[in-house]
Each structure stands twice: as C-alpha cells, then as structure tokens.
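The residues of the chain are indexed from 1 along the displayed sequence.
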Amino acid sequence: MDTRYFNRELSWLEFNQRVLDLAFSEELPLLERLKFLAITASNLDEFFQVRVGGLQALARSNSTWKDASGLSSTAQLGLIGERVTHMLESMDLCYMEQLAPALKQTGIRLLKPDQLNATQREHARDVFEKELKPVLSPIAVHDDEAFPVLQGLRLHLLLKVQRDTEAAFAVLPLGSQTHRFYAMPDEEANSFLLLEDLVSMHIDQLFLGYRIKECLPFRVTRSADMAVREKEAPDLLTGMRQVLKARKISEYVRVEFSAEAGPTTKTWLRKRLAVRDRDVHVTQALLQMRDLMEPATASDHSQLQYKPMPPLQPVSVDPGTSMFEAITHGDLLLCHPYESYSPVVRFVEEAADDPDVLAIKQILYRTSRNSPIVRALSRAAAQGKYVTALVELKARFDEARNIDWAQRLAQDGVHVVYGVKGYKTHAKICLVSRREGDGVRRYMHFGTGNYNEQTAQLYSDISYMTCDDELALDATDFFNAITGYSEPTEYMHLAPAPAQLRDRLLELISAEAERARQGQATRILAKVNSLVDPQLIEALYEASQAGVQIQLNVRGICCLRPGVTGMSENIRVTSIVGRYLEHARIICFHNGGRELLFISSADWMPRNLDKRIELLVPVEDKKCRKRLLGILQTYFADNEDARELHEDGSWSAVIQAEDVPRVQAQRALYKTIRREVQKLERLRPTTFEPHLPPGELL
C-alpha cells in the first residue's frame, strides 16, 4: 500500500462523516441538524450508485487495477463496508437518541401505528382509501419467474402472504408521487405517520383472501456508473437516452431493510437480487433518511432553523445601471451566496433584450427547473440574435432535465451543441458580443458554479465579470474550439482542460518551488472541492520539500497526506463543511510578491483535468484581486467550522491560542459584505436601496 496517498473512497467517506458530525452538533438549530443528517444519507446514496457500483463492476471482472494508494477494487470494497457500517450505526444513533427526542420536546412527533388514537386511526384509514389504495399496485413474485424490476432509491414493501398452507411473496412499490410524512390530527403537537407504516396498517385490503405473515419496508440501490458509448451511439442525445434506460435495469449494489426484517426473508430477497451479504444494510431508525429534508425545511418552524442571511445587493452593481455599463466601469467580482446572484441573471436577461447585442454564447451544465437564464436565451433567439448554448447532456443525474432544456432551446431557434464528444463540458462561461460606438465589445461572465439561481443561494461560489479585450479573444477562441472544428490554441490568459490546465498549474507550482530554493518568500494558497490528481500531489510534495509554505482548503476528497517529515511537512490541509456548500475554486501563488490569482471550474482530479472541458481564469483587475485574496484568506482564518487533516488520515478541530479571535468564515464573509452595503446605504440613501435583512441576524 502506497503511504504517499490516502484512498479516494475512504477520504470521501471521511468528508461525509464531517457532514454527519454537524448533525450531532448541539450548537446548531435542531432542524439544521436534521437537514445535515438527510444530506449525509443522500450523499451516501450517490456514493453507492456511482463509486461502489463502479468498484463492484471492477471486482466482478477480476480486474487487477489498483488505485494510487495501492488498493485493489476488492480491498476497497471491504474497507468501505467496514466504514459504512460504522457510519450507518452513527446515523441511527444520531436520529434515535438525539434528534427524535429533541423533536418530540419541541412538539414534532413521528408516531408508530400502535401510538395512534381513535381519531388518528380513522384519519389514516381515510387517507389510505382515498389517496393511496387507488394508486398502489402489488406485484406477485413467483419462484419460477424473473424478479420484478425494482426502482432504485425508492421505498418498497416486501410481503409474505399465505392462503391455506400455500405461502407466497409479493412486492409493493410505494411510488415516487406519494408523501413520506402524513400529518395526523393532534391538538397538542405536530404529529406524523410514515408512509410505509400507514400502508402496512391497511395492507390486508390489497390482499383479500390472504393472511399477511410479514410486511417489511426495504429499498434497493442500483449502479449509476455507466457512460455514453459515444463511438457506438448514432449521436450524443440518443446515447444519453440509452444510459438513462440502462440505469433502470442496472446491477443492484445495495439493499436496505428496516430492523424488524427477519433473517429468512432478508436472505431470500438478497439471493433473488444477487446482492452479497456485505451489501445488505439494516437500519434501526428509519429507511431513506434523505426524506428528513422535508420536515427539516418546513417553513412553519423557522425558530428551529438558521437565522436568515438573505443575499445582499453587491455594492459594485447599482440596480439602476445596466450590467454592460457596470462592467465597462470596472471588472466585477461577486461572492455568492452572500451577494445576490441577480446580477448574473440580469446580465443574460439584458443581453437577450438589448437591441445592440449581436450574439450570446453560453455553457449550461446544470440549471434550475424554471430557469430565467434558459428563458432569456430562448427570448434572445426569438429576437433574431445569434445564440449558442452548449448543453452538457452528461451532467450526472441532471441528464433528463438537460435533454428537455436542449430540445426546447433548439425549438426556439437557439443553436444547441450537445457537449463535446469524449469529454464532459464543465466550464462556466457566458460570452456576449455587443455593438457599441467604437465597434463590437465582448462581455464575459466566468464562474465557479453553475448557472442555477436556486443553488446559488446555497452554494459558495465566485462570479467574475469583465470586458477585458485579451480575455475576450481567449473566450472567443475557446468557444470556437468546443463548438466547431477549430484546433485548440495557446491562449494568452485562459488555461482550459484537458489541453493546458494541469500543465499551467504544474508550471506555477514549480515556479514557487524554484523561488524557495533561491531563498525567496513563497506561498501557495488553494481552495478546491477535491484533491486527487497524483501529478499535482507530487508537485506539491516537491514544492513542500523545497520550502514552499502551502495551505490547502479541500472541502471533500483529499488524497494528499500532509505533515509527513521529509515529504509534506510544509503543507497544511483544512476543510470547511458548514451552512453553505463550499464550491468555489480559488488559487493564489505568491509569485515573488505580485500574487497570481485564479478562479476555476475544475477540481484537482484526473477526471476534471483529463476528461472534462474546464477553465482556469486569471483575475487581473487590482480591486478584484484584492477582494479575492481577502476571501481566500478568510477561509484559512476559520477556527470554528474548519477541520484539519493529519498525516494519519484523521481530522480534528483547528486548535487556536485563546487570545486569537474566533472566526467562522461563512459568517465573516457575510458580515463584511453587509458592512459594505450599509456604508453605501449611508452614502447614497436616495438612489440605492440595498436588500438588507431586518435587524441583527447574526
């Protein structure tokens, strides 16, 4: 086993543990803790769909492949099984011993059937007969026939029924359109009954003439680790549809039961689904904990949630000024979600409606369900503008939505490009060409996050808006390369993946190492979501050995082993998991005192650097550079939410001296921006009305 690297999958599980730790934190509002428990479960679902599904396929093929840490697929599956078992036990413990009792004390109760009073039993029967019985359809299971196709990540009931001496099995899918929590009449509390319990109470109505021997809730997880076979598919759209169909009948990678499941029934189902013992999980609490997001976000319990931090109107953008005028006046750097995403939406909407705009080119990776940006692109095309939208059909789990958007845009006259063959297009860029008095000027938006105004309220991201001529030339060449047949070129400023991004980072890291060898002051600061790429890790090790001081903030997976004498003693790795999902990629190289600052769409992973179209974007404007560096330094000053990675792979809270001020990065960023807005409000009270929260909220 290579001790230079942590295993990727185990590192991801440690990230999910940091999410789960927040569910245990008594310092957080109760419903926020419930939300973090739901997020932990949802994350684990995707981990099994994609990562475990892929490893199981490798193990079945008897592949000799090993990861960078030296582990085979079989060895990884064994270690994953041990770690996940412990995590599931912790999730059960968190819910049963902490959250459920605390919820009950606040008047939120999850009832079991034997706890219902007469009025509640009558209400439950009414709900079943009017809402559920008409839509539920049990499926008989015969030993001599193929097992019914089960939908992944959906609740089912497994039933053992008997008539006379004949026993049989049946499966009852509980559907995707049903609720999970059904309100029960209660004058003293907010009481709920789980869907599976409500159905189980009345299950005999669906099996007339049979006795119900067992009625057990369960769910399955199917593998989603499949890619478009682009060489075989007639086109990308057809290939993506084939993938979506294949997921519905892919291999089962996991089956989950509730605690009351008997060993005989569990074994019977496991064998019918061809699932191994280690991939059978039993929960003592409740299945499908991701559904806890529903009560966690209930609007009628705001006192149990975070105090509001509504997005603030950026001081650099006057709502009464057009976005083109604002960008012409000076480059804009926005910090979301603390600053509103509305300037980005306005940028595209104004481009759609401005008669002087000639063309809009944009990459859409993930969008909201009713996206104002997508509507603006359609409107622009209807007005005769030349609109190009590269819609990435391979955005995992958003494929169906993106197919729908792509077809609608094409019908509205937008020139739609269905991604780039062989790659996933993940760059975040919008290029607008506008006719002005001195010719055509190009305006750009570069981002670290998706063009989704809803997730922009939950994700921490950076937007950079500019009309710099040299960046405009690069952006034009970039779009020509990914939408047409233009050969990739050497860009003046942008560094795209897969052609140049890794090489540019390696060059910058190497330059810092060389300066350190010459006795100069050196430093590398980087904030990314994941660090997996062996080439970059080795370059960072080499820079550390040369004396470069390296600080990394890695939200999720980190395969680099910090603090090892003679290898990485000058590297410090921290991680922040908090109220908002840390999503921005920001990089700074000391560069002899004239810092080089970048934002990027790419994480430091082989898939991003080799298999995706990404962008590394330099921030040159003096004010924007200063602001971006301040944001980055705020993350490294965090000593409340931050956790530090140690050379043995463990994480712990950051230890600070008692006289060091306490800093929580997310709260500090919001407060800083709010002070800027309040200052501007005092200076321009009649022309500027910032969107401020009422009173003191932090």
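- In this structure, Ser460 contributes its side chain and Leu581 its backbone to no donor-acceptor pair below 3.5 Å.
- Looking only at side-chain heavy atoms (C-beta outward), Asn16 and Val19 come within less than 4.5 Å of each other.
- Few gaps surround CD on Gln518; more than 12 heavy atoms of other groups in view lie less than 6.0 Å from it.
- For the residue pair Asp461/His336, the side-chain donor-acceptor check at 3.5 Å is not satisfied.
- Distance check: Tyr541 OH to Ile571 CD1 gives 6.5 Å after rounding to the nearest 0.5 Å.
- Remark: Asp67 does not engage Arg8 in a salt bridge, criterion side-chain N to carboxylate O under 4.0 Å.
- What you find for Asn639 and Arg662 is that their closest heavy atoms are O-NH2, 2.6 Å.
- No hydrogens or angles considered: a donor-acceptor pair under 3.5 Å links the side chains of Arg254 and Thr221.
- For Arg18 and Trp651, the positive end sits near the middle of the six-membered ring, less than 6.0 Å away and at most 45° from its axis.
- With hydrogens and angles disregarded, no donor-acceptor distance shorter than 3.5 Å links the side chain of Glu9 to the backbone of Ile80.
- A 4.5 Å side-chain heavy-atom check between Met444 and Met465 finds every atom pair outside the cut-off.
- Under a 3.5 Å cut-off, the side chain of Glu512 and the backbone N or O of Asn591 do form a donor-acceptor pair.
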Q.
Please determine whether salt bridge (charged side-chain N to carboxylate O under 4.0 Å, His left out) holds for the pair Arg502 and Asp610, giving the CA-CA distance in whole Å, both sets of side-chain angles, and the decisive distance to 0.1 Å.
A. CA-CA 9 Å; Arg502 182 193 280 110; Asp610 296 325; 2.7 Å; yes

Q: Apply the test side-chain contact (heavy atoms from CB on, under 4.5 Å) to residues Leu13 and Val84: give CA-CA distance (whole Å), side-chain angles for both, the deciding distance (0.1 Å), then the verdict.
A: CA-CA 8 Å; Leu13 286 170; Val84 167; 4.0 Å; yes

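- A donor-acceptor contact shorter than 3.5 Å links the side chain of Glu569 to the backbone of Met567.
- His590 is not listed as a side-chain neighbour of Arg515, based on a closest heavy-atom distance of 4.5 Å or more.
- When the options Gln666, Glu582, Lys527 are evaluated for a side chain to side chain donor-acceptor pair (under 3.5 Å) with Tyr635, the one that passes is Glu582.
- Side-chain contact between Tyr341 and Pro311 is absent, with no heavy-atom pair separated by less than 4.5 Å.
- Separating the CG atom in Leu506 from the CG atom in Leu540 is a distance of 9.0 Å, to the nearest 0.5 Å.
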Q: Go through the steps to decide whether Cys588 and Leu597 satisfy the test side-chain contact (heavy atoms from CB on, under 4.5 Å), and finish with yes or no.
A: CA-CA 5 Å; Cys588 174; Leu597 283 143; 3.7 Å; yes

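- Residue Tyr459 qualifies as open at atom OH: its count of foreign heavy atoms under 6.0 Å is 12 or below.
- One finds a salt bridge joining Glu644 and Arg572 here, because a Lys/Arg side-chain nitrogen approaches an Asp/Glu carboxylate oxygen to under 4.0 Å.
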(Q) With side chain to side chain donor-acceptor pair (under 3.5 Å) as the criterion, how do Tyr670 and Gln664 come out once you've worked through the C-alpha distance, each side chain's angles and the decisive distance to 0.1 Å? (A) CA-CA 10 Å; Tyr670 188 78; Gln664 187 184 57; over 6 Å; no

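- Although no hydrogens or angles enter the test, the distance criterion places no donor-acceptor pair under 3.5 Å between the side chain of Glu647 and the main chain of Val564.
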**Q.** Working for side-chain contact (heavy atoms from CB on, under 4.5 Å), residues Tyr491 and Arg504
**A.** CA-CA 11 Å; Tyr491 298 92; Arg504 178 65 172 143; over 6 Å; no

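- Note that CD of Glu614 and CZ of Arg607 are 9.0 Å apart. Values are rounded to the nearest 0.5 Å.
- Counting heavy-atom neighbours within 6.0 Å of Arg276 CZ, excluding the residue itself, gives a total of 12 or less.
- When all heavy atoms of Ala59 and Leu77 are compared, the pair lying nearest together is CB-CD1, 4.0 Å.
- Although no hydrogens or angles enter the test, the distance criterion places a donor-acceptor pair under 3.5 Å between the side chain of Asp92 and the main chain of Gln284.
- Residues Arg290 and Leu153 have side chains in contact (heavy-atom distance under 4.5 Å, counting atoms from C-beta outward).
- For the pair Val532/Ile537, no side-chain contact is recorded, criterion being any heavy-atom separation below 4.5 Å from C-beta on.
- Counting only distance, with no hydrogens or angles, the side chain of His426 and the backbone of Ser601 share a donor-acceptor pair below 3.5 Å.
- Between the side chains of Ser463 and His445, at least one donor-acceptor pair of N or O atoms lies under 3.5 Å.
- Distance check: Phe598 CZ to Ile586 CD1 gives 13.0 Å after rounding to the nearest 0.5 Å.
- Note that the CZ atom of Phe446 and the CG atom of Leu494 stand 5.0 Å from one another [nearest 0.5 Å].
- Judged by distance alone, the side chain of Glu339 and the main-chain N or O of Cys335 form a donor-acceptor pair under 3.5 Å.
- Between the side chain of Arg585 and the main chain of Thr448, a donor-acceptor pair closer than 3.5 Å is present.
- The residue from Leu334, Val617, Leu332 that alone fulfils the side-chain contact (heavy atoms from CB on, under 4.5 Å) condition with Tyr464 is Val617.
- Nearest approach of Leu471 to Asp468, heavy atoms of both residues: N-OD2, 2.8 Å.
- Among all heavy-atom pairs drawn from Arg625 and Glu620, the shortest one is CD-O, 3.0 Å.
- Looking at heavy atoms from C-beta onward, Lys428 lies in side-chain contact with Asn450 at the 4.5 angstrom threshold.
- The shortest heavy-atom contact between Asn7 and Leu10 is OD1-N, 2.9 Å.
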(Q) Go through it in stages, so that I can follow the logic: the residues are Leu37 and Leu20, the test is side-chain contact (heavy atoms from CB on, under 4.5 Å), and I'd like the CA-CA distance, side-chain angles, deciding distance and then a yes or no. (A) CA-CA 6 Å; Leu37 183 60; Leu20 178 56; 3.8 Å; yes

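- Using a 3.5 Å distance cut-off with no hydrogens or angles, the side chains of His281 and Glu256 do not pair a donor with an acceptor.
- No side-chain N or O of Asp45 forms a donor-acceptor pair with one of Gln49 less than 3.5 Å apart.
- The closest donor-acceptor contact from the side chain of Asn529 to the backbone of Asp603 lies at 3.5 Å or more, if one exists at all.
- Of the inter-residue distances, the one linking Arg561 atom CZ with Arg4 atom CZ reads 10.5 Å to the nearest 0.5 angstrom.
- Ionic pairing of Arg643 and Glu14 is not present here: no N-O contact between side-chain nitrogen and carboxylate oxygen is shorter than 4.0 angstrom.
- Between Tyr338 and Ile673 the shortest heavy-atom distance is CB-CD1, 3.6 Å.
- Here the side chains of Met91 and Met289 are in contact, with some heavy-atom distance below 4.5 Å.
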